[in-house]
Number of protein chains: 2
Amino acid sequence: MKKTKLSSTNQVNKTYLEDVCMGAYALGIIGSRWKFSIFFYLKDRPMRFSELKQSVQGITERMLALNLTEMERDKLLTRTVFAEVPVRVVYELTPIGMALTPVWDQLGNWGMQHKDIVSEDESKSM
Amino acid sequence: MKKTKLSSTNQVNKTYLEDVCMGAYALGIIGSRWKFSIFFYLKDRPMRFSELKQSVQGITERMLALNLTEMERDKLLTRTVFAEVPVRVVYELTPIGMALTPVWDQLGNWGMQHKDIVSEDESKSM
DNA sequence: TAAGGAGGTTACAAAAATGTAAGTAGTATG
DNA sequence: CATACTACTTACATTTTTGTAACCTCCTTA
């Protein structure tokens, strides 16, 4: 799927870190640009490709397809094809994908705290 | 600090997502390669540059300095210079930096669950 | 004067992630 | 046969991240 150069120092470092450190491993799976947004919509209900395309503001078909493929490979979601005409493809979170909910929540809470602190500091220094 | 092209679609998308979505915002701050490792060592005690360099397997001076600068800018840690000879520079997590501990923990736990599921599936299919 | 340690910085190169635009496959309907 | 629809895929360009290696500064001690 990917054309990664396995021998690059970059890749060796990445693999090593993800091997010794579960946090790095998790980030390797969920850390890319659009995955949070895709997850955000799918957690409420299964959705088809075109629905996601419309929901996830600014995403291109290429990035959506790419991320969905990776998420399927990583077992965050399942892909079901309904042989209708035109074809209907539905994406749905798996249990381990759903299990991300509290993780995302906590990450978001920390983000909010952080944003508050940073903006307080900024207003003080004015 | 960064030479980002603010007008690039890439940057516009990133900014937009981090604006509407606290999870993406948090990932923008903690999501890069070495930050987890740096955090991992600093959470136990303040450390100096050379100690971190030795502890964080495989990191180069450049990447260490770069990440520490970003983490200081983002208020995850403080940098204290002791005017000794040779100079001693100590990095220490801030409260909001420390507040990442449960976030990393949960992320790591999810990672472990995920790894288990994936390796189960692999052994089944053999 | 030279060498050495701590803590970097700089210019450059390689690799990876993201974006753009056009094309594809299968099936139906006019 | 042409068009339309969904769900992609492909070739290519741009942007960003990460790595390599050499250099720098401030002191101090030999």
* Charged tip of A:Lys43 within 45° of A:Phe40 ring normal and under 6.0 Å -> yes
[X] side chain N/O closer than 4.0 Å to the phosphate oxygens (OP1, OP2) of [N]?
X       : N      : result
B:Arg79 : C:dG8  : yes
A:Arg48 : D:dT6  : no
B:Gln11 : D:dT15 : no
B:Ser50 : C:dG7  : yes

* A:Asn67 or A:Pro86, whichever maps to the more 5' nucleotide of DNA chain C -> A:Asn67
* **Whichever of A:Asn13 and A:Glu61 has its nearest DNA chain D nucleotide further upstream toward 5'** => A:Glu61
* To do: Tell me which of A:Val87 and B:Trp34 sits closer to the 5' end of DNA chain D, going by the nucleotide each one is nearest to.
  => A:Val87
* Asked: Does any N or O in the side chain of A:Glu51 come within less than 3.5 Å of the main-chain N or O of A:Arg48, such that one atom is a donor and the other an acceptor?
  -> yes
* Would you say the side-chain atoms of B:Tyr41 pair up with the backbone N or O of B:Ser55, donor to acceptor, closer than 3.5 Å? -> yes
Kindly point out which of [options] is positioned nearest to the side chain of [X]?
X       : options                : result
B:Ser8  : D:dT15, D:dC27, D:dT18 : D:dT15
A:Phe49 : D:dA7, C:dT20, C:dG7   : D:dA7
B:Met63 : C:dG8, D:dT15, D:dG19  : D:dG19
A:Thr9  : C:dG8, D:dG19, D:dC8   : D:dG19
B:Arg62 : D:dT20, C:dA28, C:dG8  : D:dT20
A:Val89 : C:dT9, D:dA7, D:dT16   : D:dA7

Could you give the [atom1]-to-[atom2] distance, from [X] to [N], as a whole number of Å?
X       : N      : atom1 : atom2 : result
A:Leu68 : D:dT6  : CG    : P     : 17 Å
B:Phe82 : D:dC27 : CZ    : P     : 18 Å
B:Leu17 : C:dG19 : CG    : P     : 9 Å
B:Lys53 : C:dG8  : NZ    : C1'   : 10 Å
A:Glu84 : C:dT29 : CD    : P     : 14 Å
A:Ile59 : C:dA17 : CD1   : P     : 15 Å
B:Leu66 : D:dT18 : CG    : P     : 8 Å
A:Leu52 : D:dA7  : CG    : P     : 10 Å

* Asked: Which of parallel (below 30°), tilted (30 to 60°) and perpendicular (above 60°) describes B:Trp104 and B:Phe36?
  -> perpendicular
* Indicate if B:Val81 and B:Leu68 have the same hydrophobic cluster label, given that clusters are the connected sets of ILVMFWY residues with side-chain heavy-atom separations under 4.5 angstrom. => yes
* Asked: Do B:Asn67 and B:Arg33 have side-chain N/O donor and acceptor atoms under 3.5 Å apart?
  -> no
* To do: Determine the contact category for A:Tyr91: base if any of its heavy atoms lies under 4.0 Å from a base atom, sugar-phosphate if only primed atoms, P, OP1 or OP2 are that close, otherwise nothing.
  => sugar-phosphate
